[in-house]
Amino acid sequence: MTRHVETLVVGGGISGLVCAYALQKSGVEVLLMEASARPGGVIHSVRRDGYLLELGPQSFSGTSELKGLCVELGIAGQLVTAPPRAPRYVLLDGKLQAVPMSPLAFFTSSLINGSAKWALVRDVVGRSAPPKSDESVAAFVRRKLSDQLLERLVGPFVSGVYAGDPEKLSIRSAFPQVYEAEKASGSIVRGMLRLAREKKGSRERATLNAFREGNETLVRILANQLGRRLLTKTAAANLYRQNDGSFYISLEGSSNDPVSAKNVIFATPTDVTGKLLAQIDPSFEPLLTTVEYPAVAVVSLGYAKKDVGHSLEGFGFLVPRSAGLRILGTVWNSSLFPDRAPEGHVHLTTFVGGATDPNAARLSSAELSGLVHREIVPLLAIKSDPTFCNVAIWPRALPQYNLGHGDRLASINKNLARFPGLFLAGNYLRGPAIGACVEQALRVAEQVKPRAA
Ligand SMILES: Cc1cc2nc3c(=O)[nH]c(=O)nc-3n(C[C@H](O)[C@H](O)[C@H](O)COP(=O)(O)OP(=O)(O)OC[C@H]3O[C@@H](n4cnc5c(N)ncnc54)[C@H](O)[C@@H]3O)c2cc1C
């Protein structure tokens with residue numbers, strides 16, 4: 001029997017959950033279907049042997065929308081904040097060196113040579129304009145700053161956010177604020193300062209947060225709010241457009257009754273979305289399914305504190321590709337948030353793989369944990385084997401905002417305009433961070449509301 005709903009959301013990661021919750025709250029009749037047994041997508045927290053593991057995102061920037069949502073859901077008290085001044089390190093010449101976090105620290109840092117510092121001065125006093133064509137992050141940094149800065153700081157930072165390749169990522173799509181700063185002010189520094197001034201007052205300073213009991217706290221409460229409006233183990237299999245413009249979706253999984261809906265929001269990764277939308281217009285498929293998602297392995301290791309020579313005071317470290325290691329970086333979880341490891345132990349999470357090392361995630365769990373242990377031992381003066389180990393592999397971890405991404409999204413939006421009632425949400429649209437996904441999902445809910453009235 002066909003089930004009729006006003007609005008169907010497909011995909012129960014954070015994007016789909018927030019969108020469905022916001023619609024339900026405004027009185028829209030909504031149904032959310034999630035293919036797997038557990039809502040949350042890549043947000044997955046596990047407690048094992050006294051360790052709190054985050055298999056996906058370790059922490060998130062506490063944007064005002066995200067904090068507002070937590071207040072509304074009654075879970076703001078469960079947010080924990082990382083020490084705001086926790087230093088971040090980068091591996092250079094075999095040593096972990098603190099990343100300069102202020103203009104003064106930048107100009108006095110031995111990490112960056114004179115030509116990079118001079119390039120920044122030139123940016124402040126001079127004027128430049130971005131090229132008309134899409135520019136890679138690497139080309140942007142070489143044009144505006146220096147090769148050294150790209151290798152030592154920007155490359156590692158790009159690994160940390162996108163697990164991406166700066167030669168392929170588009171500055172305009174991956175870091176739109178930096179692109180807009182140069183475009184609007186003729187200078188990255190002047191433009192970013194202007195942006196910060198404009199935001200002042202309207203937004204509080206973003207903090208680095210997690211939930212005391214794991215980031216799945218947010219997912220669980222959203223799922224609870226949706227109650228029976230959330231169907232798990234239910235995948236959208238086929239999509240048809242009906243004569244009245246509404247949509248018919250056949251399902252696979254525990255609920256096999258097809259659904260007919262006036263509005264459908266796809267909050268699924270692009271490979272799934274592309275194949276489903278191709279059934280109503282084949283031109284969607286090449287636009288969506290070709291977005292690159294590299295694999296990433298998340299390796300959590302625990303050690304007895306007494307066996308780690310490094311103080312671990314800070315956020316963790318990133319590794320430039322030129323260092324010749326396979327690890328991308330390590331987060332010092334037990335230094336950032338409470339209760340991440342049993343008493344007397346430390347908890348370190350290391351990322352391997354990404355766009356610059358596609359073969360790494362094909363290694364076995366034992367090979368990955370062995371590799372990570374071997375590579376971090378000399379950096380952190382570790383004197384024993386790990387006492388705890390967990391490996392999670394995400395075969396399609398994060399969408400890459402590569403060159404041409406902006407044109408790709410423009411073509412997708414042009415196609416979508418021909419199908420009123422069809423909407424997209426997800427981490428390939430306005431940034432991969434949880435805060436960006438929440439913001440985008442709330443925006444989509446606002447667009448759907450008038451159609452549901
Ligand atoms: C390893 C890793 C580390 C990260 N670290 C951080 C971090 O530190 N900070 C941060 O802010 N962000 C981080 N991110 C990014 C952020 O977590 C994600 O971008 C965000 O959670 C994605 O949410 P989403 O809902 O858009 O997509 P997803 O979480 O991918 O959800 C999509 C959902 O769709 C479901 N689905 C698929 N096919 C179907 C179908 N046919 N029918 C129904 N459902 C279907 C899937 O099962 C899934 O649940 C990280 C991501 C990864 C992978």
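Indexing begins at 1, ligand by ligand and atom by atom, following the structure's order.
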At a 4.0 Å threshold, what atoms of ligand 1 neighbour a non-hydrogen atom of [X]?
X	value
Val298	1 (C)
Ala397	53 (C)
Thr234	43 (C)
Val10	42 (N), 43 (C)
Gly426	26 (O)
Gln58	8 (O)
Gly11	34 (O), 35 (C), 43 (C), 44 (N)
Gly41	29 (O), 31 (O), 48 (C), 49 (O)

What distance do Asp407 atom CG and Ser173 atom OG have between them, rounded to the nearest 0.5 Å? 8.0 Å
Is the number of heavy atoms from other residues, nucleotides or ligands within 6.0 Å of [atom1] ([X]) greater than 12?
X	atom1	result
Gln279	CD	yes
Arg85	CZ	no
Arg430	CZ	no
Phe157	CZ	no

Heavy-atom distances under 4.0 Å are what count here, so tell me which part of [X] touches ligand 1: side chain, backbone, both or neither.
X	result
Ala267	backbone
Val272	side chain
Leu17	neither

Any side-chain donor near an acceptor of the partner, Asn209 and Thr81, under 3.5 Å: yes
Out of Leu429, Thr268, Ile393, Leu218, whose heavy atom is nearest to atom 36 (N) of ligand 1? Thr268
If you measure every N/O of [X] against every N/O of ligand 1, is any gap under 3.5 Å?
X	answer
Val42	yes
Ser61	no
Asn427	yes
Ala236	yes
Ile434	yes

Do the rings of Tyr303 and His373 sit parallel, tilted or perpendicular, given the 30° and 60° boundaries? parallel
Parallel, tilted or perpendicular, as decided by the 30° and 60° cut-offs, for the rings of Tyr162 and Phe175: perpendicular
Hey, which of Arg362, Arg321, Arg326 is the one that makes salt bridge (charged side-chain N to carboxylate O under 4.0 Å, His left out) with Asp357? Arg326
I want to check something: taking the side chain as every heavy atom from C-beta on, are Tyr51 and Pro342 in contact at a cut-off of under 4.5 Å? yes
